[in-house]
Amino acid sequence: MDIKSRMDELIGYINKASYEYYVLDNPTITDQEYDDYYNELLILEEKYPELKREDSPTNRVGGDVLDKFEKVTHRHPMLSFDDIFNDEEIVLFDERIRKTIGNPTYTLEPKMDGLSGSLIYKKGILVRGATRGDGITGEDITTNIKTIKSIPLRLAEDIDIEVRGEIYMSKLSFEKANIERKKNNENEFANPRNAAAGSVRQLDSKITAKRNLDFMAYFIPNPEDYGLKTQSESLKYLRKLGFVTNYKLNSYAKNISEIINYIDDLENRRDSLPFEIDGVVLKVDNLNDEKKLGFTSRVPRWGIAYKFPAKEVLTTLKEIKFTVGRTGKITPNAIFSPVHVSGSLVSKATLHNSDYCIEKDVRVGDVVSIRKAGDVIPEVVEVKLERRKDDSTPFKMIDNCPMCNTRLIRKDANHFCPNDKCPARDIESLIHFVSRDAMYIDGFGDRIIEDFYNMNYIRNVDDFYTLYKYKDELKTLEGFGEKSIENLLSSIENSKDNSLERLIFALGIRYVGKKTAKILCEYYKTMDNLIKADFDELKTINEIGDIIAKSVVDYFSNEKNLNLINRLKGYNLNMRYLGKDINTSNELINGKTFVITGTLSLPREEIKEKLESMGANVTSSVTKKTDYVIVGDNPGSKYDKAKSLNIKILDEKKYNEMINKG
Ligand code: IVH
């Protein structure tokens, strides 16, 4: 046999083995046999690189390092479903469906908790993988997608097709990844979804390859082109083509009680599944019915996502620990043995303030239920009084600051440490300075900041910018190496170019949150202007009232703060508002005036933002100055006015073509 045929044969064996392993759950060869084929193929490819196939399974180890992800436009907008949260909403959904199409059959599928991805195959070969992005444009993550072993690089049929599904990380891979991160002194991933999202957005595909992501296929955007008549046929077809589907868990229902039974059953099994799910997706099975139901302005009417209620988990309260925030505010926190709550491991939850503790009568030793408020910050919801031990002692608020021992003062429901120089405040300010919405200096976990503070490397926010002087010393610290210090220093260096609103927010001026910082910068444009801002002028700005205006004026009249800003200037930090990123390269759109009317498949706000980001004006009424009117279903009088003024009309298709041209 010639070399090329042997290589093809090996690829055939390897692909068959992967299909049996991932899709059929039924391997027929041993790991050793698989490795032998794989290694033989590797050796041949090394020896005859010109014969290496683009869809070779050896490409899965990654290799390419990109500068950035290219933007790609989805052929069919990548929509998601509306979320619902209880039985009543399921009934309402079902009634709406029945009104249009009579008696439906639904497919019921676990709602995978990852991120959606689109895969494009040409003649059966994977040519592109993309993230959802804003639904219209996503990012090209093809090299990373190719490292996911459960994604076929070649399909069972040589067809052109787009396939949608969820990119996710199994619970096992998540735990392994976190063990690895802990070992390397890196922040652990909060949950498998974040881990998957972070891994897919790596510019170095070798890192993605190591993270062991998976893909669950669930949707073909244009099923009719493949002769498919139902969603369940789509799922079967996907499996036949070589995709992993949730065939063991997917099901059908014809009425409410079947739906509710399925949801209950799945929720009970949730913890024992190998991956995280956060609900159930219901889809009308018949594709003709789906067509009849169509879309609202944002979402398909033929499906819905039922989300499981935020999970409450029981644990025993070991300690109540008080922390001091940036403003000196004292927060009691419940400390307990780590438990999994809604997909992440938590060992600390907020008890808000002393009133909350007294009202709930929380005591050390109690069994308490924990929940993630809004699925983000864990909080103690309830104390299981019936399980309380006899010897427990009631909660007592502390009198002095746990960090500096200053006597606390009470303002409304909260206690504060009044000491300006309290080290806890300093540390919290530093943590705030580097945080994601502030200067976004990556790599500084809370622990590192605390250590650097205690070792006297960073006492004030401007000390970040002189940290490089201690480079050699830092590299010798336990837990740090050449690479991690280099990374820290380069994130610090990069932060100098941030737009001004980040710095303003990072400074921690009282009452100036992320949004206010932006409003101030849009108005004043430079730090120098803002420093000179006076109370009355500040108050003329929309959304700025007495309290914020006073706080800003107070901040900039304090000598200490002005000195800090001067030092930051000296370190070359950008002191200007850089504005929205506007891409003016599409001449069909830049500088033109648009009006949007009628029902479109995307929210108008989204279209408006898109056009504005390309340099257009979007106004609400049609005048002679209007260049284009984008018209959806059931347009109102604006459409008639546009016609009477002879203004160019765009339907959604033309609009999509236009934003992609230029
Ligand atoms: S179908 C038109 N099926 O949950 C919507 N989505 O709103 C097509 N998801 O963002 C998506 N599991 O990322 C579908 N079995 C499943 C899913 C699923 C998870 C995600 C998807 C989407 C959201 C649904």
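Both counts, for ligands and for their atoms, begin at 1 and track the order of listing. Quick note: numbers below take in every heavy atom, side chains included, and nothing from hydrogens, waters or symmetry partners.
Nearest approach of Leu235 to Glu109, heavy atoms of both residues: CD1-OE2, 3.7 Å.
Checked against the 6.0 Å centroid criterion, the rings of Phe81 and Trp302 qualify as a close aromatic pair. Annotation: Phe243 is in aromatic contact with Tyr121 [ring centroid separation under 6.0 Å].
Residues with a heavy atom under 4.0 Å from ligand 1: Leu79, Ser80, Phe81, Glu109, Pro110, Lys111, Met112, Ser116, Glu166, Tyr218, Val281, Lys283, Pro300.
With salt bridges taken as basic N to acidic carboxylate O contacts below 4.0 Å, one links Glu70 and Lys68.
Between the Gln231 side chain and the Thr107 main chain, no donor and acceptor come within less than 3.5 Å of each other.
With hydrogens and angles left out, the side-chain atoms of Tyr168 and Glu276 include no donor and acceptor closer than 3.5 Å.
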